[in-house]
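Take a look at the structure set out below.
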2 protein chains.
Amino acid sequence: MTKQERATRTRQALIRSAAVVFEQHGYAQARLTLISSGAGVSTGALHFHFENKAAVAEAVVAEASRGLRDMSAAIRRGTDTALQALVDTSHALVELLRGDPVSRAGFRLSCDGERAAAPDLRMEWHHRVRELLEEAAAAGTLADDIAREDAVAATVAVTAGFEVLGRHDTEWLSSYRLTGFWQLLLPRLAAAKTLPLLDPAGTGAVASPRPGPGAASAVGEAEETAALTAEPT
Amino acid sequence: MTKQERATRTRQALIRSAAVVFEQHGYAQARLTLISSGAGVSTGALHFHFENKAAVAEAVVAEASRGLRDMSAAIRRGTDTALQALVDTSHALVELLRGDPVSRAGFRLSCDGERAAAPDLRMEWHHRVRELLEEAAAAGTLADDIAREDAVAATVAVTAGFEVLGRHDTEWLSSYRLTGFWQLLLPRLAAAKTLPLLDPAGTGAVASPRPGPGAASAVGEAEETAALTAEPT
């Protein structure tokens, strides 16, 4: 492993640890020593990568944003229709919120006003939903009698609702909840000829929705990273 | 005005001022002196009514809960079908979130985990949505082919989404957004014979959705209350 690779792994471990600490303590109460020790490195190593807590938070949001974009692009490539891609992407988003602390913390940091870290993940999600529904409309797979903006808003609001309700009760992030929503909405949304082709439970077109180095930094590996790191400790 | 009436008005003014301060500064940063001065009274008067900040927050949530319950009951009395009552109640809820700082702060305090003040307003709203949809099902006004729990969950998630998105962009609390959602969903939700009877924009059955003393404590009146108050200042 090169120096560069080790530095990248340490940075990822710090981002992941920060996400966990932000989630448990909130941004205001999060202490840098907790973040560095959670990644198995010293605060010196943390400061090698990040100037201050705000910079760590920005990195968490940027990483969550990257994960969301990569996931969404991979799903679109692997799915026939834009409408099914929308369903699949929403399932993958809920899966990220369920299993990935970086995505969860990214949404909270970017949206809760405790600090307005750019980019705004809900805004990015809003744009993605609109893009996919515009694509579906252009392909003639949307029902004629619905207002597209209503469909965009309903999808964005429902997923925002699942995210915020899921903070207190993870059942809201179960895939059956989202499947139920699409079972309700798709018959209104899809053109008659398209509806039978759609799976409200998602096609699972992309098995692992969050590829890239972020996925590798599990807890055990973070410790390994700490042992291997070449930055000041 | 009796002593008792004056005390009630001061208490309401304090609750309203606290809601504004909690909303602007967050619970953790909210200072009691700001709350009392916002109500035009001294901190001594505040402590006559509330032991500490937690007690003020509880009173805000309790007042928001009362407002929600009263509004919902009044709408049900004034509306023919349970399904229209659900639509109307959701519109009144969004109107409260748009115009009433006590309702807004109540939802945040009760749901954001910065402190878990009882009662949980989202839970209460969840129960109300379920009650109305059960009533609609019993009356045969729901479509046969939908799962009622999916309709409950979609309604609760969408309104939670509007609430949280509306914190940063009040357009999410516009009535046309919610009307768009019901235009999308009602044709799926309602039995064929019921659909033509429903108005997705709400019937406005209850013009003022939040009766009771809470509605009276506007800013100007809070100052009047302060001048009239008989509690220690």
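Proteins come first, then strands; the chains are lettered A, B, ... in the order of their sequence lines, and each starts at number 1.
- Scanning both residues, B:Asp150 and A:Leu184, for their nearest heavy atoms gives O-CD2, 3.8 Å.
- Within 6.0 Å of atom CD in A:Glu149, more than 12 heavy atoms from other residues, nucleotides or ligands are found, so the atom counts as buried in its surroundings.
- Listed in order of number, the residues of residues 169-180 of chain A that approach chain B to under 4.5 Å between heavy atoms are A:Trp172, A:Arg177, A:Gly180.
- Counting non-hydrogen atoms of other residues, nucleotides and ligands closer than 6.0 Å to CZ of B:Arg69 gives a total above 12.
- Between chain A and the options B:Ala151, B:Ala153, B:Ala154, B:Ala143, heavy-atom pairs under 4.5 Å are most frequent for B:Ala153.
- Distance check: B:Asp145 CG to A:Gln183 CD gives 10.5 Å after rounding to the nearest 0.5 Å.
- Taking a 6.0 Å sphere around CD of B:Glu134, one finds it holds more than 12 heavy atoms contributed by other residues, nucleotides or ligands.
- Residues B:Arg122 and A:Val164 have side chains in contact (heavy-atom distance under 4.5 Å, counting atoms from C-beta outward).
- Nearest heavy atoms, B:Ala160 versus A:Gly161: CB-CA, 4.1 Å.
- Taking chain A as the reference chain and counting heavy-atom pairs below 4.5 Å, the highest number among B:Thr159, B:Thr155, B:Val156, B:Ile146 is found for B:Val156.
- Using a 4.5 Å cut-off between heavy atoms, B:Leu165 touches chain A through its side chain atoms alone.
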